[in-house]
Amino acid sequence: MMRYALAYRFGLTPWERYGRAAAASIGALLDREEPERSRPLGRAIDLGCGRGQYTPELARRGWEAVGIDNIPRAIDAANRRGVSGATFVVGDVTDLAPADLGTFDFFFDIGCFQGLNSEQRLAEGRGVSALADPGATLLMLAFGPTRMRSVAGGVSRADVEAAFPSWQTLSVEPADTTGLGWPLTQTAPQWYRLRRQA
């Protein structure tokens with residue numbers, strides 16, 4: 001978590017650069033969440049939202065959107081954006097209960113799970129599962145295991161499914177690497193889409 005806080009302090013946030021470069025492909029993935037749902041879409045949470053780069057897009061699409069991050073500086077920046085339909089809160093994705101957030105129909109994680117150790121990943125999975133409405137879906141971007149573990153700790157399908165045992169894996173597909181830059185282009189990033197089972 002310390003490295004994450006330092007990244008914001010020194011402006012080293014490659015995930016934000018990626019979000020801008022891959023906006024079209026991320027938008028296409030979010031498009032898939034809408035057709036099978038009635039309007040209004042329901043509640044969505046952006047896990048590890050940082051300065052709120054993606055939460056506004058969820059709100060624009062019609063979700064009641066919440067962004068959560070444990071870096072107060074990032075949440076302050078997100079709140080200053082004044083996004084209609086979005087709320088930003090300081091909270092820990094590995095301990096979601098104290099934030100008293102209610103339940104959600106859609107969970108969006110673009111690299112938050114990635115930055116956690118194995119115990120924290122299991123804790124995130126438990127917290128997300130506790131807040132999931134029946135039939136809720138999770139869309140997660142994670143980088144695969146590589147020899148450069150100090151640069152990007154790898155995530156495998158087994159890691160994801162171990163953290164979310166009560167969820168069904170709907171799809172796993174390669175992520176657009178536009179804007180990632182080396183060495184992250186070597187990490188085989190994947191999008192995982194899961195559904196909460198009854």
Side-chain angles (χ1 to χ4, degrees), residues 1 4 15 26 29-38 40-50 52-55 57-59 61-71 74-75 78 85-145 152-173 175 189-198:
M1 293 293 186
Y4 182 56
W15 51 89
I26 293 171
L29 289 165
L30 292 175
D31 286 344
R32 299 182 193 174
E33 298 302 322
E34 300 176 27
E36 62 191 55
R37 302 176 188 272
S38 59
L41 289 173
R43 302 188 72 224
I45 183 166
D46 183 0
L47 299 162
C49 68
Q53 183 174 15
Y54 308 105
T55 321
E57 176 63 12
L58 296 174
R61 289 167 174 269
W63 297 96
E64 181 186 337
V66 175
I68 186 168
D69 201 284
N70 70 339
I71 306 297
I75 291 297
T87 303
F88 297 97
V89 296
V90 176
D92 185 349
V93 298
T94 68
D95 190 15
L96 289 167
D100 195 22
L101 299 167
T103 60
F104 294 91
D105 307 286
F106 178 54
F107 298 81
F108 187 59
D109 182 332
I110 186 162
C112 184
F113 186 85
Q114 180 81 45
L116 305 177
N117 64 33
S118 57
E119 289 183 8
Q120 292 169 328
R121 290 172 180 176
L122 295 176
E124 179 184 331
R126 287 191 297 270
V128 164
S129 297
L131 300 186
D133 285 326
T137 54
L138 163 70
L139 184 63
M140 174 192 293
L141 174 69
F143 302 100
V155 174
S156 68
R157 178 171 178 166
D159 294 329
V160 174
E161 292 179 343
F164 297 91
S166 58
W167 296 65
Q168 174 191 6
T169 301
L170 300 176
S171 63
V172 182
E173 58 188 282
Q190 304 286 319
W191 282 104
Y192 295 86
R193 186 169 184 256
L194 290 78
R195 175 174 288 130
R196 181 73 156 96
Q197 300 183 85

At what distance, to the nearest 0.5 angstrom, does CZ of Arg193 lie from CG of Leu170? 5.0 Å
Please report the closest heavy-atom contact between Leu141 and Ala175, naming both atoms and the distance. CD1-CB, 3.5 Å
Scan for side chain to side chain donor-acceptor pair (under 3.5 Å) pairs involving residues 122-131, sequence neighbours excluded, and state none if there are none. Ser129-Trp167
Under the rule for ring pair (Phe, Tyr, Trp, His ring centres under 6.0 Å), what residues qualify as partners of Phe106, not counting sequence neighbours? Trp63
Residues which pass side-chain hydrogen bond (donor to acceptor under 3.5 Å, both in side chains) with Thr169, listed by chain and number, not counting sequence neighbours: Glu161
Between Leu41 and Arg61, the two heavy atoms sitting closest are CD1-O, 3.2 Å
Ser156 meets the side chain to side chain contact (heavy atoms under 4.5 Å, CB included) criterion, sequence neighbours left out, with Pro145, Ala158, Asp159
Counterpart residues, side-chain hydrogen bond (donor to acceptor under 3.5 Å, both in side chains), relative to Asp133 (two or more places apart): Thr103
Short side-chain to backbone donor-acceptor contact, Asn70 and Asp92, under 3.5 Å: no
Contact summary for Cys112 and Val93, nearest pair of heavy atoms: SG-CG2, 3.5 Å
Under the salt bridge (charged side-chain N to carboxylate O under 4.0 Å, His left out) rule, what pairs show up with a residue in residues 109-120, not counting sequence neighbours? none
Could you go through the side-chain contact (heavy atoms from CB on, under 4.5 Å) check for Arg37 and Thr137 one step at a time? CA-CA 11 Å; Arg37 302 176 188 272; Thr137 54; 2.5 Å; yes
Partner residues of Phe104 under the ring pair (Phe, Tyr, Trp, His ring centres under 6.0 Å) criterion, sequence neighbours left out: Phe107
Got a second to check how far Leu101's CG is from Leu96's CG, nearest 0.5 Å? 6.5 Å
Check: Arg121 side chain, Leu116 main-chain N or O, donor-acceptor pair, under 3.5 Å: yes
CD/Glu33 to CG/Asp105 distance, rounded to the nearest 0.5 angstrom? 11.0 Å
Rounded at 0.5 Å granularity, tell me how far OG1 in Thr94 sits from CG in Leu47. 11.5 Å
Heavy atoms of Ala99 and Ile68 approach each other most closely as CB-CD1, 4.3 Å
Is Leu139 close to Leu30 at the side-chain level, that is, under 4.5 Å between some pair of heavy atoms? yes
Looking only at atom types and distance, does a side-chain atom of Gln190 sit under 3.5 Å from a main-chain N or O of Gly144, one as donor and one as acceptor? no
For a side-chain contact (heavy atoms from CB on, under 4.5 Å) check, start with the C-alpha distance between Tyr54 and Leu58, then their side-chain angles and the critical distance, and finish with the verdict. CA-CA 7 Å; Tyr54 308 105; Leu58 296 174; 5.7 Å; no
Side chain to side chain contact (heavy atoms under 4.5 Å, CB included) partners for Arg32, two or more places apart: Leu29, Glu173
Could you tell me whether a side-chain N or O of Arg43 sits under 3.5 Å from a main-chain N or O of Glu64, the two making a donor and an acceptor? no
To check you understand the geometry: which heavy-atom pair defines the closest contact between Ile26 and Ile110, and what is its length? CD1-CD1, 3.8 Å
With sequence neighbours left out, the residues meeting salt bridge (Lys or Arg N to Asp or Glu O under 4.0 Å) with Arg196 are none
Nearest non-hydrogen partners of Ala132 and Ala136, listed with the distance: CB-CB, 3.9 Å
Thr87: side-chain hydrogen bond (donor to acceptor under 3.5 Å, both in side chains) partners, not counting sequence neighbours: none
Restricting to side chain to side chain contact (heavy atoms under 4.5 Å, CB included), what partner residues turn up for Ala86, sequence neighbours left out? Thr55, Ala59, Ala65, Val83, Phe88
At what distance, to the nearest 0.5 angstrom, does CD1 of Ile45 lie from CZ of Phe108? 12.5 Å
Contacts of Gln197 meeting side-chain hydrogen bond (donor to acceptor under 3.5 Å, both in side chains) (sequence neighbours excluded), chain-then-number -> none
Supply the atom-to-atom distance Phe113 CZ to Tyr192 OH, rounded to the nearest 0.5 angstrom. 9.0 Å
